[in-house]
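Predicted, not measured: the structure shown is a model, and the values here were computed from it. Both backbone and side-chain heavy atoms feed into the values below; hydrogens, waters and symmetry mates do not.
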Amino acid sequence: MKRTVRAPIHRAGARSRTARALLRSALCTLSVGALTVPAATASAAVPHPSAAGGPAVLQARYDLGDQAFTPPAALGYQGRAELAADVYYPAHLGTGRHPLVLMQHGSWETCADAGAEAESRAAQQARDRAEQAGDTAEAARQQAVVERASARLWAWPCAPGTAPILSSGGYDYLARALAARGFVVVSVGANGINATAAGQADTVYQARAALIERHLLMWQRLARSGDGPLRGALTDPRTKAPVTADFRGRVDLGDVGLLGHSMGGGGVMQEIADSSRAHWPAGVTVKAAFTLAPTATWDGDPVTRTPFAVMWGTCDQVNTGSFFEQNSAANRAPIYKYTLTGGNHAFYNRQWSPSSGQVASRDDALPGGAPGTCLSQYDDPARPQRDQPRLAEGHQRRIAADRVTAFFERYLRGRTDRQPFLTGERPFPGEPAHVVTSAYDAGA
């Protein structure tokens, strides 16, 4: 018998409104008491558990080439991508095996070309002025400048001398929180897919899922025998010195979690879809997936057998994270949805957020009519746009870290004591009331 619970945090048991239809867009820790969020420090950086006296976390990186990955020919996807990732792991691997969490970022600019960004912004302003003045020829000329600058920002590989935007590093706060709790975390790059996805909407999620599988295969070999493409490939991101950590027998590929943001969330949902399970590498089992503002614009293959969670914000212009609604009628596994009042699409990734100072970083919510607000984005005529109290970057990431760590502890480590926090029956410590609304469906 299916059991569905929808409750605002701090008011468990009260029903929330069901999230509405998908907002169509072509855009592409728990440690109880450890994550207190005083209101006065909501915009502060999220402290890592390791920085608060928890287990030490080490970081490594591997990069096998900007175009080392070619999606399977059967997909028909045109374009190649990098095989690169940021790796976070406990400093003391011990003698046991650790669950693996693999993360995939979404679609964002690929190259940190500050000149192209400035040129694009100036041309957009000039184009808008020309359009207001009725000068169609000038508007077209400025639009051509915008498109040329955009091509430089979305190139792959980046032009010589231009650094890539490593979106994979934007979830370091989540990766460190998980690694401090005994997980090995691999945050993979997908810039090559971002640069080639235009016009390939029908296969882009499958290409992203195939990229996930390639990384899982490489980690399976490294964990099993210490060989394969990753042998000797991990380096210290600061010193570039080789990393000598021995992962043989220390990573459990039968105990895998996936996390995806934006179009990375769409790729993760494709990977756990019932139709994709036959493609999982032999010996690899994905036990759960967590998605942050996942795009659900194109593919919607049913997911009935793998527990998953969706998080989205009411000021997120890109989508409404409708995978929960799409699957709740047939799911046999527990599924969750978290709605953040005033949540923003970009803030889950620190590289994309304004405080980073990175090229292309921005606050992508629409400003509200009052200071400190943003406009809601429910795709429902009965819920027109209205002001929402805006969530600060650090506050939103802290909410995400609470649930991501609790979720993977629940499903990869069997910590059933995390369940009441995940369903909304109990509040996370220090979290202000009525910011997050939880929906839970226990499955068949």
Side-chain angles (χ1 to χ4, degrees), residues 23-28 79 105-167 170 190-201 204 261-263 293 295 297 313 315-319 342 344-377 379 384-388 390 392-393:
L23 176 59
R24 298 291 177 183
S25 173
L27 295 176
C28 16
H105 66 80
S107 185
W108 205 257
E109 285 88 334
T110 54
C111 301
D113 189 329
E117 180 182 46
E119 186 176 323
S120 177
R121 286 178 177 172
Q124 289 176 51
Q125 294 171 358
R127 176 201 61 200
D128 294 346
R129 291 194 298 269
E131 288 176 345
Q132 291 174 2
D135 189 342
T136 57
E138 177 62 13
R141 190 181 75 81
Q142 293 297 338
Q143 179 59 29
V145 175
V146 171
E147 292 173 2
R148 288 196 297 271
S150 179
R152 289 157 56 192
L153 289 166
W154 288 87
W156 194 256
C158 297
T162 299
I165 297 175
L166 297 180
S167 293
N191 277 339
I193 290 180
N194 288 348
T196 58
Q200 302 194 82
V204 67
H261 175 202
S262 192
M263 286 191 69
T295 53
T297 310
C315 291
D316 186 333
Q317 293 190 72
V318 177
N319 56 78
N344 184 300
H345 191 77
F347 288 178
Y348 299 109
N349 190 305
R350 292 202 309 118
Q351 288 275 359
W352 301 2
S353 300
S355 64
S356 73
Q358 175 64 274
V359 170
S361 60
R362 55 186 174 269
D363 179 341
D364 59 354
L366 293 175
T373 66
C374 49
L375 281 179
S376 63
Q377 299 295 315
D379 188 24
Q385 288 185 330
R386 63 185 181 87
D387 286 0
Q388 305 272 279
R390 179 187 293 270
E393 289 182 31

Look at the side chain of S120 and the backbone N and O of E117, then say whether any donor-acceptor pair between them is shorter than 3.5 Å. no
Nearest-0.5 Å distance that lies between atom CE in M263 and atom OG1 in T295: 5.0 Å
Should S356 and S361 be marked as a side chain to side chain contact (heavy atoms under 4.5 Å, CB included) after you check the CA-CA gap, both sets of side-chain angles, and the distance that decides it? CA-CA 7 Å; S356 73; S361 60; 3.5 Å; yes
Mind running side chain to side chain contact (heavy atoms under 4.5 Å, CB included) on C374 and Q388 for me, showing each step along the way? CA-CA 5 Å; C374 49; Q388 305 272 279; 4.3 Å; yes
What one should report as the nearest heavy-atom pair of T110 and A155 is OG1-O, 2.6 Å
Would you say the side-chain atoms of S355 and E393 include a donor-acceptor pair closer than 3.5 Å? yes
Find the distance between CG (L366) and CG (N344) and round it off to the nearest 0.5 Å. 10.0 Å
Between D364 and A346, what is the shortest heavy-atom contact and its length? OD1-N, 3.4 Å
Has the side chain of D387 got a donor or acceptor atom that lies under 3.5 Å from a matching backbone atom of G369? yes
Out of curiosity, D113 CG to S150 OG, how far, rounded to the nearest 0.5 Å? 11.0 Å
Work out which heavy atom in A130 is nearest to a heavy atom in A139; give both atom names and the distance. CB-N, 3.6 Å
Answer yes or no: is there a donor N or O on one side and an acceptor on the other, between the side chain of E119 and the main chain of V146, under 3.5 Å? no
For C158 and P164, which heavy atoms make the closest approach, and how far apart are they? SG-CA, 3.7 Å
Salt-bridge present (E109, R362; N to O < 4.0 Å): yes
Measuring centre to centre across the rings, with the benzene-like ring taken for any Trp, is W352 within less than 6.0 Å of H261? yes
Counting only N and O atoms by type, is there a donor-acceptor contact under 3.5 Å from the side chain of N349 to the main-chain atoms of S167? yes
In short, S376 meets P384 closest at the heavy-atom pair OG-O, 3.7 Å
Is the shortest side-chain N to carboxylate O distance from R390 to D363 below 4.0 Å? yes
Nearest 0.5 angstrom please: C315 SG to F347 CZ, how far? 10.0 Å
Taking the side chain from S107 and the backbone from N194, do they hold a donor-acceptor pair closer than 3.5 Å? no
Hey, could you give me the CZ/CD distance between R152 and E147, rounded to the nearest 0.5 Å? 14.0 Å
Determine, stepwise, if the pair Q377 / Q385 fulfils side chain to side chain contact (heavy atoms under 4.5 Å, CB included). CA-CA 6 Å; Q377 299 295 315; Q385 288 185 330; 3.1 Å; yes
Approximate separation, where rounding is to 0.5 Å, of C111 SG and W156 CH2: 6.5 Å
No-hydrogen, no-angle side-chain donor-acceptor test under 3.5 Å, H105 and S262: no
Output yes when a side-chain donor or acceptor of Q200 lies under 3.5 Å from a complementary backbone atom of T196, and no otherwise. yes
With a 3.5 Å cut-off and no angle check, do the side chains of Q351 and Q358 form a donor-acceptor pair? yes
